[in-house]
Amino acid sequence: MLRSLLSLAALLTTALAVNPIEIVDKKFYDSVTHKQFYIIGVDYQPGGSSGVGTGSDPLSDPTQCLRDFALLQKLGVNTIRVYSVDNTLNHDYCMSLLDTAGMYLLLDVNTPLSSQSLNRYEPNTTWTADYYFHIYSTIDAFKAYENVLGFFSGNEVVNDVTSLAACPGYLRALQRDMKAYIKKTANRTIPVGYSTADDATIRSELGKYLTCGDDASAADFYGINTYEWCGDSSFTSSGYSTLTSAFENFSVPVFFSEYGCNTVSPRTFTEVAALYGDQMNGVFSGGLIYEYNEEDNNYGLVNTDGDSAQLLQDYVNLQSAYANLSIPNVTLSSTIATATTTLPSCSGLNLDNWTIPAVPSGAPTAGADNYGTLIELTAEELVVNSTVTDVSGNVISGLSVTPVGRAVSGSVSGTSSASASATGGEGKSGNGTTSVSGAVGMGVGVSLGMAVLAAVGAVVVIV
Ligand SMILES: *[C@@H]1O[C@H](CO)[C@@H](O)[C@H](O)[C@H]1NC(C)=O
Ligand SMILES: *[C@@H]1O[C@H](CO)[C@@H](O)[C@H](O)[C@H]1NC(C)=O
Ligand SMILES: *[C@@H]1O[C@H](CO)[C@@H](O)[C@H](O)[C@H]1NC(C)=O
Ligand SMILES: *[C@@H]1O[C@H](CO)[C@@H](O)[C@H](O)[C@H]1NC(C)=O
Ligand SMILES: *[C@@H]1O[C@H](CO)[C@@H](O)[C@H](O)[C@H]1NC(C)=O
Ligand SMILES: *[C@@H]1O[C@H](CO)[C@@H](O)[C@H](O)[C@H]1NC(C)=O
């Protein structure tokens, strides 16, 4: 009896592994457990800016997602950032797999393709109905996935004095219209934010402007791309202390949307301990290491070639740094839904002079009707078939995504609990997953057993 129920359970994994994240008073929280959420992330855009094109993007190829998400899970990651997607494709499998692996997505809505981004020097020339159709279609394609942590309205759109003089009002207009579209069409609040360039003269001023005043057009979070800490640096000599002071009073969550200087290689990621440590974890909500895939600019953790992949030394070093973290364990009282933040006034800022433009003329009221949805996956769909080798070139066998999270509807199977203990047995990734899963609220060891029981219970109820 038990055996047959278990094998039935083995056929299904839950479609809902992680809880949506909400923002309360400049921090991220799990909307169900009310535990504070720190982003432990990696930027993910295999192929770089050419990784999106007609018919392909980083979240549409099942074989690639499976291999990479299994490796990201073993690395100890809870969030990926994707820079560009093709909003006409089906992302259900990759997004459901990401969710099953206990990971969130931060998604940029722009792409390098025509009519799909702002021109930083002449934003009015790209302020078009076609651009808005693209933005709305991207929101539509992703808004139903509960593991979407937020959307970036832009990445480094402002990166010099000229673009600083041209763009801020447009960025606020985009924030306003993305938030309004989400409010009108999505069934939960999905935060909208901006990711700023590594430029100390711009980021604080622009950030204050994007997060002040009327909440309807203000950024809900602010991401900083920073490459200041190189090699074996320190909190003060890297510039992190100055950066931390500059953002100490921001009224929205602030995190590193890209970090990981590579002028010293292989990277040892000593900045990771600093970012999540006592001097910074009160100001920043974690960060995303740039980047998963090895490209020409040499920031990769993993080298891929067709379906196969090889871990680089940076992957091993980052895995050690993540396994060594102890993330603050903060749980809100049950007031999560009612707490509100009052944003500071915009007046007195250098950039308080913008007239925020209206929606482009002829802008659509809806996107292209391609709506994603989380789907249930089978245990077989979690098993990696691609060839993956370690740093020395030895094949890593038995690689799979271990389902984590809520114990509902058959989430844990015999196969996956075996692979979970195998993962745990390898030391770092097991620990990494446990300490990382603030959002998930469940460790691997004992709670897996409970999950199996709950899963069986759910199956009994269904039968
Ligand atoms: C964009 O703005 C510039 C400078 O303000 C102006 O010269 C140009 O005509 C505008 N272009 C469009 C398409 O509105
Ligand atoms: C607003 O002020 C900034 C800083 O003084 C200036 O660079 C920018 O051109 C001004 N923008 C507008 C729209 O007047
Ligand atoms: C942040 O607020 C504190 C307390 O009001 C103040 O002392 C400090 O100077 C502020 N920091 C910045 C960078 O504005
Ligand atoms: C582990 O954490 C400690 C304390 O935060 C830090 O000093 C040390 O550098 C970290 N080690 C690694 C490998 O990151
Ligand atoms: C976090 O804190 C809660 C209570 O505040 C406690 O029950 C839980 O065991 C703690 N978790 C960890 C990993 O320390
Ligand atoms: C992996 O290979 C097995 C056996 O060849 C096959 O049954 C399964 O469908 C494959 N899984 C994926 C995700 O391709």
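The first residue in the sequence is number 1, and the count goes up from there.
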(request) Work out which heavy atom in Thr126 is nearest to a heavy atom in Leu118; give both atom names and the distance. (result) OG1-CA, 3.4 Å
(message) Under a 3.5 Å threshold, yes or no: a donor from one side chain and an acceptor from the other, between Asp140 and Ser137?
(response) no
(request) Taking the side chain as every heavy atom from C-beta outward, state whether Met103 and Asn147 have any atom pair closer than 4.5 Å. (result) no
(message) Does Asn293 form a side chain to side chain donor-acceptor pair (under 3.5 Å) with Gln45? I'd like the steps, not just the answer.
(response) CA-CA 7 Å; Asn293 223 65; Gln45 189 77 23; over 6 Å; no
(request) Enter the distance from Ile182:CD1 to Phe151:CZ here, rounded to the nearest 0.5 Å. (result) 5.5 Å
(request) List the steps, then state whether side-chain contact (heavy atoms from CB on, under 4.5 Å) holds for Thr387 with Asp307. (result) CA-CA 7 Å; Thr387 303; Asp307 282 351; over 6 Å; no
(request) Quick one: pull up OH in Tyr121 and OG1 in Thr162 and give me the separation to the nearest 0.5 Å. (result) 5.5 Å
(message) Can you confirm whether the side chains of Asn155 and Ser195 place a donor and an acceptor under 3.5 Å from each other?
(response) yes
(request) Starting from the C-alpha separation in whole Å, work towards a yes-or-no answer on side-chain contact (heavy atoms from CB on, under 4.5 Å) for Asn19 and Tyr29. (result) CA-CA 10 Å; Asn19 303 315; Tyr29 293 90; over 6 Å; no
(request) Output, in order, the C-alpha distance, side-chain angles, deciding distance and verdict of side-chain contact (heavy atoms from CB on, under 4.5 Å) for Tyr136 and Thr185. (result) CA-CA 10 Å; Tyr136 290 163; Thr185 68; over 6 Å; no
(message) Is it the case that the side chain of Thr270 and the backbone of Gly231 share a donor-acceptor pair, with hydrogens and angles ignored and the cut-off at 3.5 Å?
(response) yes
(request) Verify whether one side chain among Thr111 and Gln116 offers a donor that lies under 3.5 Å from an acceptor in the other. (result) yes
(request) Give a yes or no answer on whether the side chain of Gln36 reaches the backbone of Leu332 with a donor-acceptor pair at less than 3.5 Å. (result) no
(request) Using a strict 4.0 Å threshold on nitrogen-to-oxygen distance, state whether Lys35 and Asp30 make a salt bridge. (result) no
(message) Has Asn370 got a side-chain atom pairing as donor or acceptor with Asn87's backbone, closer than 3.5 angstrom?
(response) yes
(message) Is any side-chain heavy atom of Leu171 closer than 4.5 Å to one of Val158?
(response) yes
(request) Using atom types as modelled and distance alone, determine if a side-chain donor or acceptor of Thr211 lies under 3.5 Å from a backbone N or O of Gly207. (result) yes
(message) Using every non-hydrogen atom in the two residues, find where Pro123 and Cys167 come nearest and quote the distance to one decimal.
(response) CG-SG, 4.1 Å
(message) Using a 6.0 Å cut-off, check whether atom CG of Asp278 has over 12 heavy atoms from anything other than its own residue.
(response) no
(message) Quick check: do Thr389 and Ile396 have side-chain heavy atoms less than 4.5 Å from each other?
(response) no
(message) side chain to side chain donor-acceptor pair (under 3.5 Å), that's the test. Do Ser234 and Ser237 meet it? Break it down for me.
(response) CA-CA 5 Å; Ser234 72; Ser237 59; 2.8 Å; yes
(message) For Arg67 versus Ala309, what's the shortest heavy-atom pair and its separation?
(response) CD-CB, 3.6 Å
(message) When you compare the side chain of Ser257 with that of Arg81, does any pair of heavy atoms fall below 4.5 Å?
(response) yes
(message) Between Asp92 (side chain only) and Thr373 (backbone N and O only), is there a donor and an acceptor less than 3.5 Å apart?
(response) yes
(request) Could you tell me which non-hydrogen atom of Lys26 sits nearest to which non-hydrogen atom of Ser285, and how far apart they are? (result) O-OG, 4.4 Å
(message) Once rounded to the nearest 0.5 Å, what's the spacing between atom CG of Asn90 and atom OG of Ser60?
(response) 9.0 Å
(request) May I ask you to decide if Pro58's main-chain N or O and His91's side chain share a donor-acceptor pair within less than 3.5 Å? (result) no
(request) Carefully, step by step, assess Tyr371 and Asp369 under the rule side chain to side chain donor-acceptor pair (under 3.5 Å). (result) CA-CA 6 Å; Tyr371 302 104; Asp369 288 346; 3.1 Å; yes
(message) Run the side chain to side chain donor-acceptor pair (under 3.5 Å) test on Ser163 and Asp160 for me, step by step, so that the C-alpha distance in whole Å, both residues' side-chain angles and the decisive distance to 0.1 Å come before the verdict.
(response) CA-CA 6 Å; Ser163 47; Asp160 58 15; 2.6 Å; yes
(message) Looking at every non-hydrogen atom in both residues, tell me the closest pair between Val383 and Ser400 and how far apart they are.
(response) CA-CB, 3.9 Å
(request) Evaluate the side-chain proximity of Glu294 to Leu312: yes if any heavy-atom separation is below 4.5 Å, no if none is. (result) yes
(message) When you compare the side chain of Tyr181 with that of Ile135, does any pair of heavy atoms fall below 4.5 Å?
(response) no
(message) Looking at Ser153 and Gly193, would you say the former's side chain and the latter's main chain have a donor-acceptor pair under 3.5 Å?
(response) yes
(request) Sort out for me which residue in Tyr227, Tyr292, Tyr315 forms a ring pair (Phe, Tyr, Trp, His ring centres under 6.0 Å) with Tyr299. (result) Tyr227
(request) Could you check if a side-chain atom of Leu105 sits within less than 4.5 angstrom of a side-chain atom of Leu149, using non-hydrogen atoms only? (result) no
(request) Indicate yes or no for a side-chain donor-acceptor contact from Ser96 to the backbone of Ile375 under 3.5 Å, with no hydrogens or angles considered. (result) yes
(message) Just verifying a value: how many Å separate Arg188 CZ and Lys143 NZ, rounded to the nearest 0.5 Å?
(response) 12.0 Å
(request) Might you confirm whether atom CG of Asp305 has over 12 heavy atoms from other residues, nucleotides or ligands at distances under 6.0 Å? (result) no
(request) Return the orientation label for the Tyr104 and Phe37 ring planes: parallel under 30°, perpendicular over 60°, tilted otherwise. (result) perpendicular
(request) Compare all side-chain heavy atoms of Val272 with those of Ile289 and state whether any distance is below 4.5 angstrom. (result) yes
(request) Mind listing the closest non-hydrogen atom pair of Val252 and Asp220 along with its distance? (result) CB-O, 3.3 Å
(request) For the pair Asn159 and Arg120, evaluate side-chain contact (heavy atoms from CB on, under 4.5 Å) and give the outcome as yes or no after the intermediate values. (result) CA-CA 8 Å; Asn159 70 352; Arg120 62 166 56 92; 3.3 Å; yes
(message) Looking at Tyr38, is its backbone amide N or carbonyl O close enough to the side chain of Asn78 to form a donor-acceptor pair, meaning the two atoms are under 3.5 Å apart?
(response) yes
(request) Supply the atom-to-atom distance Leu311 CG to Asp390 CG, rounded to the nearest 0.5 angstrom. (result) 6.5 Å
(request) Please check if the side chain of Asp108 supplies one atom and the backbone of Asn110 the other of a donor-acceptor pair under 3.5 Å. (result) no
(request) Tell me yes or no: between the side chains of Asp68 and Tyr44, is some donor less than 3.5 Å from an acceptor? (result) yes
(message) Which residue is it: Phe269, Tyr240, Tyr290? I am looking for the one with a side-chain contact (heavy atoms from CB on, under 4.5 Å) to Tyr259.
(response) Tyr240
(request) Answer yes or no on whether Arg172 is positioned over the face of Tyr209, meaning its NZ or CZ is under 6.0 Å from the six-membered ring centre and within 45° of the axis. (result) yes
(message) If I take atom OG from residue Ser251 and atom OH from residue Tyr222, how far apart are they, to the nearest 0.5 angstrom?
(response) 12.0 Å
(message) With no hydrogens and no angle check, just 3.5 Å: does a side-chain donor-acceptor pair link Tyr145 and Asp99?
(response) no
